[in-house]
Amino acid sequence: MIIPGILFKSQTSFSSISNLKLNLKSFLNPKFTLQFNPISSLKVVWRKDSTLDKAIENDKRYKLCARVVKEVLKEPGQAIPLRYLDKRRERLRLNVGVKTFINNNPGLFDTYYDRIRPKSNLVPFLRPSNRLRNFLEEEKRIYDENEQLVVSKLCKLLMMSRYKVISVDKLVHVKREFGLPNDFLVNLVPNYSNYFRLTGSPGEGQSFLELVEWNPEFAKSVIEQRAEEESQLTGIRVRPNFNYNLPPGFSLRKEMREWVRDWLELDYISPYEDVSHLDQASREMEKRMVAVLHELLSLSLLKRVPVPILGKFTNDYRFSNAFSSAFTRHSGIFYMSLKGGIKTAVLREAYKGDELIDKDPLLGIKDKFVELLEEGWRERAEMLRVQREQVKKDMEMMAAKNGN
């Protein structure tokens, strides 16, 4: 639909925002100017989305296992005394003992006995099982196949930042969310000196990863790419804009509906565009901040990121101090889950029900790990079934013997 002076994004959906209609007479009136309420005065009540919460709940057991595996793998020799790991239960958010965890998730570790010190008693140790080692080889293969994707992600994270440089500590902290390999600073960054420069000494104080070369092919957001593809498909120029879909039963007050309508009509500001000239409190800066948040979630593996992790980049990406309110203010774009006591920003358009629509190629690593876990769970279930049948048989034989 084309309106004089404005090109609408063809797929922008307003769901239950039935009154988000443009006043054509006002736009045809040259004296007309859009009226915006101050962003700080806009309030939207948070509402639970059970479907997207379920998507987070589905990964709960997988993430717990991944944390424990990571803890063992980072130990010298990739082995750890069982009692040492048991002392870290609180940090790992492990609500059962390590022995119980191992029994519930067979196939991850082998248990063996060794001495912590030369003359100490033998104690149980944990080390990766052969299955887990096979998975680690498969993980490396998937990373190798998708190395260019990882490089582009890392470049994009730097290109959106204010000074094209980000603290190494921050990047290491978010590597899991964006699918960066554990050794990306050692085995990836040095191979792409045309893109990256590492300053300082990682592990010995402050160090930073700096962008060396700006690649125009990377400086195109998911929204801009989508608009280009639609334009080529339809032969009609499509203006980049956000998909706006409110969940069923969700409605906005009239004041907020009008604000959203007018805000969506602002020109899209690419997250890779220089916005040093924009005022931090302006509506244009709000548009740009939402664009950055949308792009960050799009680059993430699961199209969702814990809000505290995004908050670490407040200065790098010029977010306002109250940036997290954007997730409820723009409820047609994002959902902020409170599942597990952690605020998690979710990109609505990335999900159909509780399933991802387009999976990141690096999610193949997660799929392989889940296969490993499920194989162990099936074996445990079969073992318990056999045990129950044996107990039943023993009880029947005992009953028959007592009867005789």
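Since we're looking at a predicted model, the values are computed, not measured.
Salt-bridge check for D358 with K303: failed, with every basic side-chain N at 4.0 Å or more from each acidic carboxylate O. Using a cut-off of 4.0 Å between Lys/Arg side-chain N and Asp/Glu carboxylate O, R283 and E286 are scored as not salt-bridged. Salt bridge R131/E371: absent, no basic N to carboxylate O contact under 4.0 Å. Note on D316 versus R162: no salt bridge recorded, every NZ/NE/NH1/NH2 to OD/OE distance being 4.0 Å or above. Between E389 and R385, at least one side-chain N (NZ, or NE/NH1/NH2) sits under 4.0 Å from a carboxylate O, which counts as a salt bridge. Taking the charged nitrogens against the carboxylate oxygens, E71 and K74 do have a contact shorter than 4.0 Å, which makes a salt bridge. Salt bridge absent: R261 and E258 never bring a charged side-chain N and a carboxylate O closer than 4.0 Å. Salt-bridge annotation for E137 and R133: absent, with no side-chain N of the basic residue lying under 4.0 Å from a carboxylate O of the acidic one. Salt bridge annotation for R288-E273: absent, with no cationic side-chain nitrogen under 4.0 angstrom from a carboxylate oxygen. Ion pair E139/K368 not flagged as a salt bridge, since none of the NZ, NE, NH1 or NH2 atoms sits closer than 4.0 Å to an Asp/Glu carboxylate oxygen.
When all heavy atoms of L52 and G353 are compared, the pair lying nearest together is CD2-O, 3.9 Å. Here the closest heavy-atom approach between residue S298 and residue L347 is recorded as OG-CD2, 3.5 Å. The nearest pair of heavy atoms linking F369 to A66 is CE2-N, 3.9 Å. Scanning all heavy atoms of the two residues, the minimum distance from M289 to A326 falls at CE-CB, 3.8 Å. Nearest heavy-atom pair, V72 versus L126, reported as atom, atom and distance to 0.1 Å: CG1-O, 4.3 Å. Among all heavy-atom pairs drawn from L299 and K153, the shortest one is O-NZ, 2.9 Å.
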For side-chain contact (heavy atoms from CB on, under 4.5 Å), just list the numbers for M336 and V346, CA-CA rounded to whole Å, side-chain angles, deciding distance to a tenth of an Å, and then say yes or no. CA-CA 6 Å; M336 186 164 70; V346 185; over 6 Å; no
Quick one, I223 with N241, criterion side-chain contact (heavy atoms from CB on, under 4.5 Å). Give me CA distance, side-chain angles, the key distance, then yes/no. CA-CA 7 Å; I223 288 178; N241 211 341; 5.6 Å; no
Please walk me through it: do N104 and R380 pass side-chain contact (heavy atoms from CB on, under 4.5 Å)? CA-CA 7 Å; N104 291 343; R380 181 173 182 271; 3.0 Å; yes
Let me see the working for T344 and K339 under side-chain contact (heavy atoms from CB on, under 4.5 Å), right down to the final yes or no. CA-CA 8 Å; T344 302; K339 198 69 180 175; over 6 Å; no
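Ring geometry, Y317 versus F319: the interplanar angle falls from 30° to 60°, so the pair is classed tilted. A parallel orientation is assigned to the rings of F242 and W263, their planes being inclined by less than 30° (bins at 30° and 60°). Between Y192 and F196, the ring-plane angle classifies as perpendicular under the 30° and 60° cut-offs.
At least one donor-acceptor pair under 3.5 Å links the side chain of S152 to the backbone N or O of L149. Side chain of R348 to backbone of L246: no donor-acceptor contact under 3.5 angstrom is found. A distance-only check finds no donor-acceptor pair linking the side chain of D86 to the backbone of L82 [under 3.5 Å]. Using a distance-only test at 3.5 Å, with no hydrogens or angles considered, a donor-acceptor pair links the side chain of T234 to the main chain of E230. For K287 (side chain) and D267 (main-chain N/O), no donor-acceptor pair under 3.5 Å exists by modelled atom type. Judged by distance alone, the side chain of K70 and the main-chain N or O of C65 form no donor-acceptor pair under 3.5 Å. Side chain of Q280 to backbone of R318: a donor-acceptor contact under 3.5 angstrom is found.
Summarising the local packing, CG of N121 is surrounded by 12 or fewer heavy atoms from other residues, nucleotides or ligands at distances under 6.0 Å. Residue-environment remark: CD (Q387) exceeds the threshold of 12 foreign heavy atoms within 6.0 Å. Within 6.0 Å of the NZ atom in K220, the count of heavy atoms belonging to other residues, nucleotides or ligands does not exceed 12. Within a 6.0 Å radius of CG in N130, no more than 12 heavy atoms belonging to other residues, nucleotides or ligands are found. Environment of CG in N321: sparse, with no more than 12 heavy atoms of neighbouring residues, nucleotides or ligands closer than 6.0 Å.
Qualifying side-chain contact (heavy atoms from CB on, under 4.5 Å) partners for R47, counting only residues two or more places apart in sequence or in other chains: F250. Applying the side-chain contact (heavy atoms from CB on, under 4.5 Å) rule to R197 yields the partners T199, E210, V212; only residues at least two apart in sequence or on another chain are considered.
Residues L278 and I269 form a side-chain contact, since some pair of their non-hydrogen atoms from C-beta on lies under 4.5 Å apart. Within the 4.5 Å cutoff, the side chain of F178 has no heavy atoms near those of the L154 side chain. Between S251 and R257 the shortest side-chain heavy-atom distance does not fall below 4.5 Å. Looking at heavy atoms from C-beta onward, W46 lies in side-chain contact with K48 at the 4.5 angstrom threshold. For the pair N187 and E147, the minimum side-chain heavy-atom distance is 4.5 Å or more. Counting only heavy atoms from C-beta outward, the side chains of L363 and L356 approach each other to under 4.5 Å. A heavy-atom distance below 4.5 Å is not found between the side chains of V292 and E295. The closest side-chain heavy-atom distance from L158 to V165 is not below 4.5 Å.
Residues E224 and S221 have side chains that bring a donor and an acceptor to within less than 3.5 angstrom of each other. Of the N and O atoms on the side chains of H277 and E284, not one donor lies less than 3.5 Å from an acceptor on the other residue. Under the 3.5 Å distance criterion, with hydrogens and angles disregarded, a donor-acceptor pair is assigned to the side chains of Q390 and D394.
Here the CG-NZ distance, from L296 to K156, works out to 11.0 Å after rounding to the nearest 0.5 Å. Distance check, rounded to the nearest 0.5 Å: CD of E138 to OH of Y143 gives 13.0 Å. In this structure, CG on L209 lies 13.5 Å from OH on Y195, to the nearest 0.5 angstrom. Of the inter-residue distances, the one linking Y335 atom OH with T51 atom OG1 reads 9.5 Å to the nearest 0.5 angstrom. To the nearest 0.5 Å, atoms OG (S50) and CD (E57) are separated by 11.5 Å. Within the model, atoms OG of S300 and CZ of R176 stand 12.5 Å from one another, a figure rounded to the nearest 0.5 Å.
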What donor-acceptor contacts under 3.5 angstrom involve side-chain atoms of residues 106-119, with partners at least two apart or in another chain?
{"unit_1": "R115", "atom_1": "NE", "unit_2": "S120", "atom_2": "O", "d": "3.0"}

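Remark: R61 is positioned above the aromatic ring of W377, its terminal NZ or CZ atom under 6.0 angstrom from the ring centre and at most 45 degrees off the axis. Annotation: cation-pi pair K164/W214 absent, no NZ/CZ under 6.0 Å from the ring centroid and within 45° of its normal. Annotation: cation-pi pair K366/Y62 present, NZ/CZ under 6.0 Å from the ring centroid and within 45° of its normal.
With R304 as the partner, the salt bridge (Lys or Arg N to Asp or Glu O under 4.0 Å) test is satisfied by one option alone out of D354, D53, D59, D49: D59.
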